Amino acid sequence: MNRYKYRILFSKTEAMRFTGHLDLFRAWERLLRRAQVPLAYSTGFHPHPKIQIGAALPLGVKGDNELVDIETAEECGADALAHQIADSVPPGLSDIRVIALAADSPGLEKLVVAGDYSAEPLDGAWPTDFPQKIELLLAGTTLPRERRGKTYDLRPRILSLALDGNQLRMRLRLEPDATGRPDEVLAALGMESLPVLVRRERLVLRESEGKMIGSDELG
Amino acid sequence: MNPESISHILPRILPQVEKPSRYTGGELNQSIKDWDSTPVRIALLFPDIYDIGMSNLGLAVLYEIINARPEALAERVYLPWTDMETVMMREGIPLYSLESRRPVADFDLVGITLPYESLYTNALHALHLAGIPLRAAERGEQHPLVIAGGHGAFNPEPMAKFFDAFAVGEGEELILDLIEIVRQRKHSGESRLATMHRIADVWGMYVPALYRPEYHTDGTIARVAPTPESGDGNQGARTPIVKRIVPRLPPPPVRPVVPYIETVHNRYAIEIMRGCTRGCRFCQAGHVTRPIRERPVEEIVSSIDRALSNTGYEEVALLSLSSSDYSRITELVRALGVKFGGSQLRISLPSLRIETVSVDLVEALRSSRGGNFTLAPEAATDSMRAILNKPIAAQQLIETVREIYSRKWTTVKLYFMIGHPRETEADVRAIAELARAVLAEGRRSLGRRAEVHAGVSTLIPKAHTPFQWMAMDSRERILAKQDLLRREMRGPGLKLDLTPPDVSLLEAELARGDRRLGDVIERAWQAGARFDAWSDRFQPGAWHAAFEETKIDPAFYTARERSADEIFPWDHINVGVRKDYLRREYEASLEGRTRGDCREECFGCGILTTFRELRDALPEEAQFCPTIRPG
């Protein structure tokens with residue numbers, strides 16, 4: 001059976017901000033079914049649609065240039081597919097762009113290595129000693145944290161961290177065994193109780209020969 | 001608080017609670033209409049959390065009907081889970097609607113569905129969180145009208161103190177009458193009392209404040225009669241209250257709100273048939289939803305098609321009380337196969353009769369292998385099934401099960417009840433024997449992969465059923481029967497699920513109670529009872545204390561075999577089925593006599609005489625109940 005692969009860029013916005021990874025998968029499946037996209041399904045007792053979402057977005061975090069790969073049983077064409085799904089996009093998803101992929105191109109789990117996040121307080125500004133806290137964190141070589149009863153080192157998962165006006169910008173690793181969570185970084189900076197709006201601006205993908213590319217530069 | 005301030009606070013507090021999407025709204029197909037230019041504003045409230053309430057079909061039907069009216073809007077309200085409730089209290093946020101985040105108290109009408117009794121304390125809690133006085137008598141001109149519907153309305157008395165009115169029966173047309181009354185009220189500025197009198201005139205509406213129960217010295221009901229001042233001039237309010245029906249099923253919802261998060265039934269549900277002709281004597285739904293009305297095959301298929309393109313659902317449930325009795329079931333299954341075959345759509349067809357043809361039907365709709373097949377024999381011996389009027393030959397059951405396992409369903413779920421009239425220890429033991437016989441069939445086809453899950457609940461003699469006269473099993477008897485089942489049903493491949501006696505007894509007390517029970521419900525709520533349907537939240541202690549403090553004996557409602565002429569708290573609610581018919585059925589039951597399907601022969605239950613004019617006005621193909629031939 002022929003299979004056709006497409007990579008879709010999208011934003012996850014306010015209405016879906018508090019939905020989890022599985023919910024997002026389901027929303028994509030239903031979106032594609034409404035649009036009558038000829039999805040390919042896995043074989044076996046319980047067929048699943050071939051939909052793969054880039055990297056889980058933590059609950060409450062908005063996302064731009066997020067990625068989902070889908071496989072179809074018929075060739076759709078990137079532009080035609082984008083056009084076909086435009087009317088079926090639910091509240092909470094937007095900015096849909098489609099790229100056609102080669103059938104043998106590697107899956108997102110092999111490509112995504114990091115995410116670029118920005119965080120901003122919902123009310124007012126960061127505390128005045130915030131820059132010093134960031135400096136202190138960056139100066140350390142380890143940053144032991146505890147999550148769900150397990151101790152791990154957050155420091156190597158922070159690739160960069162800097163204040164840009166009122167925006168805290170972070171590049172965090174997004175690999176299966178080493179995921180840096182923005183809420184963990186904020187907690188490590190003593191900001192766990194401050195209402196903050198976090199956004200993932202792009203995913204960072206591995207390109208050939210060790211080069212990296214931002215998901216916003218794809219296509 | 002106003003919608004703006006609630007919307008301002010939410011993003012600041014939602015990260016602190018579990019499943020925040022329960023509280024945001026904003027899903028696909030939600031309807032937001034302009035508040036200021038829409039005169040009639042209705043909150044549809046399911047008194048449990050979003051995850052449960054979003055799957056309620058009745059409210060989804062009303063939501064679409066109301067929002068299709070230019071003069072009215074409907075928004076959804078669910079209870080917050082305890083973590084969110086704590087945060088809302090701290091921030092001073094009242095119970096609000098998901099669409100526009102309006103406080104519930106700002107609506108003109110709050111419709112609360114009571115599909116089962118274990119939601120009663122939640123309904124009070126919802127009013128409390130909304131800042132609306134719990135008792136109807138304490139509400140003023142500024143408060144919304146608070147109206148209950150759902151199956152709880154068939155015995156409204158236990159909750160009578162808390163509701164301005166009850167909608168008894170089917171809501172599709174009734175809601176339009178209520179919209180018109182509210183519209184006129186807002187136009188004329190008439191008093192709440194005047195509005196309640198007008199609501200009392202609507203077919204199917206019961207305004208409890210206009211009726212007063214009187215009791216005999218032994219505590220039984222003497223009558224529930226209209227108060228002298230309840231009607232116009234010398235005439236009191238109407239009695240009895242005849243339930244509302246729609247003569248033929250209106251088109252189903254085709255644009256339901258699609259939740260973003262997992263809910264109990266996350267699928268498109270469509271009613272293929274309403275009512276039942278089987279007359280199982282324990283079954284309240286089978287009696288209160290009469291007459292039988294079928295939705296045409298073409299309408300079912302085209303509605304599913306439209307709903308799928310509006311929702312993208314990957315699963316459809318065809319709902320009715322007895323799918324096998326849908327007269328064109330084979331044709332329907334074939335039509336669905338033609339239309340949706342190959343589209344990876346899962347179609348579920350629950351409530352099938354125990355016969356091999358049911359297995360063929362489900363097989364034809366099947367999209368994956370393995371899984372469960374559910375059957376509800378209700379009792380394990382032929383004599384008990386005759387008492388229930390659910391005759392299934394033991395051999396037929398075994399043949400059906402053989403067919404199920406041979407087609408690679410690995411688990412058969414069996415539903416039983418204990419506590420039937422004339423039930424002996426042997427009848428209870430037979431449940432275990434039957435479960436083992438079923439498992440043996442499974443082993444023959446599948447070896448050790450075969451499983452049997454038996455769910456055994458306790459019979460609750462519900463209002464408006466032939467069993468309404470009988471005494472329910474006591475706690476001790478239930479426990480003894482359950483112990484026997486536990487002893488007899490051990491071993492690999494067998495799973496037993498028993499309903500705790502306290503849960504069944506409370507359900508029975510609330511289902512069979514009278515107006516005095518209102519005080520008990522309120523006391524229990526004050527003592528912290530809520531989410532009674534959640535096994536980890538249910539607090540029998542709060543209920544025991546509430547009965548003691550109000551000096552009301554719960555056994556009065558459950559433990560007595562009632563005399564033939566006792567007046568029941570629900571007798572002024574007429575569901576169209578006559579009390580003398582129910583009594584005849586009860587007596588037939590005790591003699592082990594069964595009755596057939598009333599599509600073939602009319603047994604005179606009363607539905608036909610109650611709704612004859614409606615029936616005769618329908619085209620012949622849409623008429624409910626069989627034409628009675630003389631002789």
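The model shown is predicted, which means the values in this text are computed figures rather than measured ones. Lettering of chains follows the sequences in order, A, B, ..., and the numbering in each one begins at 1.
Note: B/Leu14 leads B/Ile13, B/Thr24, B/Asn29, B/Leu14 in heavy-atom pairs under 4.5 Å with chain A. Ranked by heavy-atom pairs under 4.5 Å with chain B, the first of A/Ala27, A/Ala35, A/Pro47, A/Gly60 is A/Pro47.
Using a 4.5 Å heavy-atom cutoff, the side chains of A/Leu59 and B/Lys19 are not in contact. Side-chain contact between A/Pro91 and B/Leu28 is present, with at least one heavy-atom pair separated by less than 4.5 Å.
Within 6.0 Å of CG in B/Asp34 there are more than 12 heavy atoms belonging to other residues, nucleotides or ligands. Around atom NE2 of A/His83, no more than 12 heavy atoms belonging to other residues, nucleotides or ligands sit under 6.0 Å away. For A/Lys133, the NZ atom counts as densely surrounded, since its 6.0 Å shell holds more than 12 non-hydrogen atoms of other residues, nucleotides or ligands. Heavy atoms of other residues, nucleotides or ligands lying less than 6.0 angstrom from CZ of A/Arg3 number more than 12. Within 6.0 Å of the CG atom in A/Asp129, the count of heavy atoms belonging to other residues, nucleotides or ligands exceeds 12. Atom CZ of B/Arg448 has 12 or fewer neighbouring heavy atoms from other residues, nucleotides or ligands inside a 6.0 Å radius.
For chain A, no part of B/Gln30 is nearby; none of its heavy atoms comes within less than 4.5 Å. Both the backbone and the side chain of B/Ile261 have a heavy atom closer than 4.5 Å to some heavy atom of chain A.
Chain B is approached within less than 4.5 Å, heavy atom to heavy atom, by A/Pro195 from residues 164-195 of chain A, ordered by number. When the heavy atoms of residues 93-109 of chain A are compared with those of chain B, none of the residues falls under 4.5 Å. Residue-level contacts of residues 119-128 of chain A with chain B, in order of numbering, are A/Leu122, A/Asp123; threshold 4.5 Å between heavy atoms. Heavy-atom proximity under 4.5 angstrom to chain B picks out A/Ala15, A/Met16, A/Arg17, A/Phe18, A/Thr19 from residues 11-20 of chain A.
Annotation for A/Arg30 and B/Thr311: closest pair CB-O, 3.7 Å, computed over non-hydrogen atoms. Heavy atoms only, all atoms of each residue included: B/Tyr260 and A/Gly92 are closest at OH-N, 4.4 Å.
In this structure, A/Arg33 does not pair ionically with B/Glu314, as no charged nitrogen and carboxylate oxygen lie closer than 4.0 Å.
Atom CD of A/Glu29 and atom OH of B/Tyr313 lie 12.0 Å apart (nearest 0.5 Å).
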